[in-house]
Amino acid sequence: MKAGPLNLITDVAGLRVGNAADAALKSGVTVLTSDAPFACGVHVMGGAPGTRETDLLSPDRLVQAVDALVLAGGSAFGLGAAEGVMAGLRAAGRGFAVGDARVPIVPGAILFDLLNGGDKGWGDSPYPALGGRALEATGVRFALGSEGAGTGALTAQWKGGLGSASAVLEDGTTIGALVAVNALGSVTAPSGQFWAAPWELGDEFGGLGLAGPYDPGHEPAPEKRQGEATTIGIIATDAALDKAALSRLAVGAHDGFARAIVPSHTPFDGDLVFAVSTGARKGADPFRLGHAAACTMARAIARAVFLATPAPGDLQPCWRAARG
């Protein structure tokens, strides 16, 4: 496989991503949408998830497509970001038809960033407005690192962030990942090399090569520290997949979490992956798709931390700043 032209999830044609953030809050929202509804599945492997509208993604549920997905900071407060997204979509005439009414379908997931040093003393929740702004900002190109849902993200060692990556398979199928990395675990070995290094394409997160032997003494303490906990992501493809197949693709993408974050899927993390299909290509090989999903997600996770930038009041250093 090779990286797509932008090395972003929007290399899957038809998808758009937008970010919005509040620097004082140290939090933000990321929205993925398309001009037409798209099929979606989900798989949750963390022990402390925060979600919205995920039950309807089960293969046996009535609704077969969604209008947008939301990744947000703010813990449970961040679920309100979907209200702003729904309002924008409703104004555009989007949504599931129920008689004359249209109900935009907007599943979402959140990460915990309430203790990351930001000003959380709001009156009215800022998240609906952030969701609306993120929807308005959607496009093919978008920023990574300390942006959107990854604005105030942290990890065991480094500042977290928003990452994305893509891959084009030999048969022309495209797969892309988008992820907000706020993990309790570590994304690097003690040497500073990324655990995801075996799957790096080119020097997209530094090109430092493989990490050395794993050091058990480097494991994070099994407790919630500072503001981190939870990695939430989206894996997308132009391969035509139904909700059942997409749920399996999300499982494969979780392997990318396990490759890139040590440990992942802890009782304190709400680790979750949405899986999306635009349905443009028929006959894709599910074996190759699952493998590509894991590799691409691992790369996106490393890029999130690699591209993070410093801000006043940060509780963790940025990887690039520390490496000089």
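Note that the structure is predicted; figures quoted are calculated from it, not measured.
- Residues satisfying the ring pair (Phe, Tyr, Trp, His ring centres under 6.0 Å) criterion with Phe194, sequence neighbours excluded, are Phe205, Trp319.
- Contact detail for Ala292 and Ile175: the closest heavy-atom pair is CB-CG2, 3.9 Å.
- Under the 4.5 Å side-chain heavy-atom criterion for ILVMFWY residues, no single connected hydrophobic cluster contains both Ile301 and Val251.
- Side chain of Trp195 to backbone of Thr188: a donor-acceptor contact under 3.5 angstrom is found.
- Cluster membership for Ile234 and Val44, using ILVMFWY side-chain heavy atoms within less than 4.5 angstrom, is shared.
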Given Leu241 and Leu289, is the side chain to side chain contact (heavy atoms under 4.5 Å, CB included) satisfied, shown in steps?
CA-CA 11 Å; Leu241 302 175; Leu289 279 177; 4.0 Å; yes

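- Looking at Asp269, its side chain does come within 3.5 Å of a backbone N or O of Leu184 through a donor-acceptor pair.
- Surrounding CZ of Arg61 are more than 12 heavy atoms belonging to other residues, nucleotides or ligands, all under 6.0 Å away.
- Side-chain contact between Thr155 and Ile261 is absent, with no heavy atoms from C-beta onward closer than 4.5 Å.
- Ser164 places no side-chain N or O within 3.5 Å of a backbone atom of Leu8 that could act as its donor or acceptor partner.
- Proximity of Pro198 to Leu210: side-chain heavy atoms (C-beta onward) are separated by under 4.5 Å at one or more points.
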Verdict with reasoning, His254 to His43, per side chain to side chain donor-acceptor pair (under 3.5 Å):
CA-CA 8 Å; His254 272 291; His43 192 71; 5.2 Å; no

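- Judged purely by atom type and a 3.5 angstrom limit, Ser146 uses its side chain to pair as donor or acceptor with the backbone of Thr309.
- Glu147 and Asn19 make their closest contact through CB-ND2, 3.8 Å (heavy atoms, listed as atom of the first residue, atom of the second, distance).
- In terms of modelled atom types and a separation under 3.5 Å, the side chain of Thr296 and the main chain of Ala293 share no donor-acceptor contact.
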Evaluate side chain to side chain contact (heavy atoms under 4.5 Å, CB included) for Phe306 paired with Val187, printing each intermediate quantity in order.
CA-CA 10 Å; Phe306 176 72; Val187 299; over 6 Å; no

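- Between Val273 and Phe257 the shortest side-chain heavy-atom distance falls below 4.5 Å.
- We find the CE-CZ distance between Met86 and Arg102 to be 13.5 Å, quoted to the nearest 0.5 Å.
- Hydrophobic side-chain contacts under 4.5 Å tie Leu79 into a cluster, directly or through other members, with Ile110.
- Residue Asp60 places its CG atom among more than 12 non-hydrogen atoms of other residues, nucleotides or ligands, all under 6.0 Å distant.
- When atom types are taken as modelled, the side chain of Asp271 and the backbone of His265 share a donor-acceptor pair closer than 3.5 angstrom.
- Counting only heavy atoms from C-beta outward, the side chains of Arg288 and Met1 never approach each other to under 4.5 Å.
- The two residues Ala197 and Gly209 come nearest to each other via the heavy atoms CB-O, 3.0 Å.
- With Asp255 contributing its side chain and Ala294 its backbone, the two residues share no donor-acceptor pair below 3.5 Å.
- The shortest side-chain heavy-atom distance between Thr30 and Val17 falls under the 4.5 Å cut-off.
- Considering all non-hydrogen atoms of both residues, Thr174 and Asp11 come closest at CG2-O, 3.6 Å.
- Cluster annotation: Leu56 is connected to Leu249 through the hydrophobic network of ILVMFWY side chains, with a link wherever side-chain heavy atoms come within less than 4.5 Å.
- Remark: Ile9 CD1 to Arg16 CZ distance equals 13.5 Å, nearest 0.5 Å.
- With sequence neighbours excluded, no residue forms a ring pair (Phe, Tyr, Trp, His ring centres under 6.0 Å) with Phe38.
- The CG atom of Leu178 sits 11.0 Å away from the CZ atom of Phe274 when rounded to the nearest 0.5 Å.
- Counting heavy atoms from C-beta outward, Ile105 and Pro37 have side chains that stay 4.5 Å or more apart.
- No continuous path of hydrophobic side-chain contacts links Leu6 to Val168 [ILVMFWY only; heavy atoms under 4.5 Å].
- Of all non-hydrogen atoms in Asp113 and Ser27, the two that sit nearest each other are OD2-OG, 2.8 Å.
- Cluster annotation: Val305 and Leu307 are assigned to the same hydrophobic cluster (Ile/Leu/Val/Met/Phe/Trp/Tyr, side-chain heavy-atom contacts under 4.5 Å, transitive).
- The environment of Phe96 atom CZ is dense: over 12 non-hydrogen atoms of other residues, nucleotides or ligands sit within 6.0 angstrom.
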Apply side chain to side chain contact (heavy atoms under 4.5 Å, CB included) to the pair Leu246 and Val276, showing each step before the final yes or no.
CA-CA 7 Å; Leu246 286 167; Val276 166; 5.7 Å; no

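- Within the 4.5 Å cutoff, no side-chain heavy atoms of Val70 are placed close to those of Arg52.
- A donor-acceptor distance shorter than 3.5 angstrom exists from the side chain of Thr10 to the backbone of Val140, with no hydrogens or angles considered.
- Smallest separation of non-hydrogen atoms from Glu83 and Pro128: OE1-CG, 4.1 Å.
- To the nearest 0.5 angstrom, Met297 atom CE is 14.0 Å from Trp199 atom CH2.
- When the shell of 6.0 Å around CZ of Arg281 is examined, it contains more than 12 heavy atoms from other residues, nucleotides or ligands.
- Asp67 places no side-chain N or O within donor-acceptor distance of the main-chain N or O of Leu89, the cut-off being under 3.5 Å.
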After noting the C-alpha distance and the side-chain angles of Arg259 and Cys295, does the key distance pass the side chain to side chain contact (heavy atoms under 4.5 Å, CB included) rule?
CA-CA 8 Å; Arg259 294 175 186 183; Cys295 297; 3.4 Å; yes

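- Residues Leu69 and Pro107 have side chains in contact (heavy-atom distance under 4.5 Å, counting atoms from C-beta outward).
- Rounding to the nearest 0.5 Å gives a distance of 12.0 Å between CG of Asn182 and CG of Leu162.
- One distance of note links CG of Asn7 with CZ of Arg299; it measures 5.0 Å at 0.5 Å rounding.
- Looking at Ser186, its side chain never comes within 3.5 Å of a backbone N or O of Ala156 through a donor-acceptor pair.
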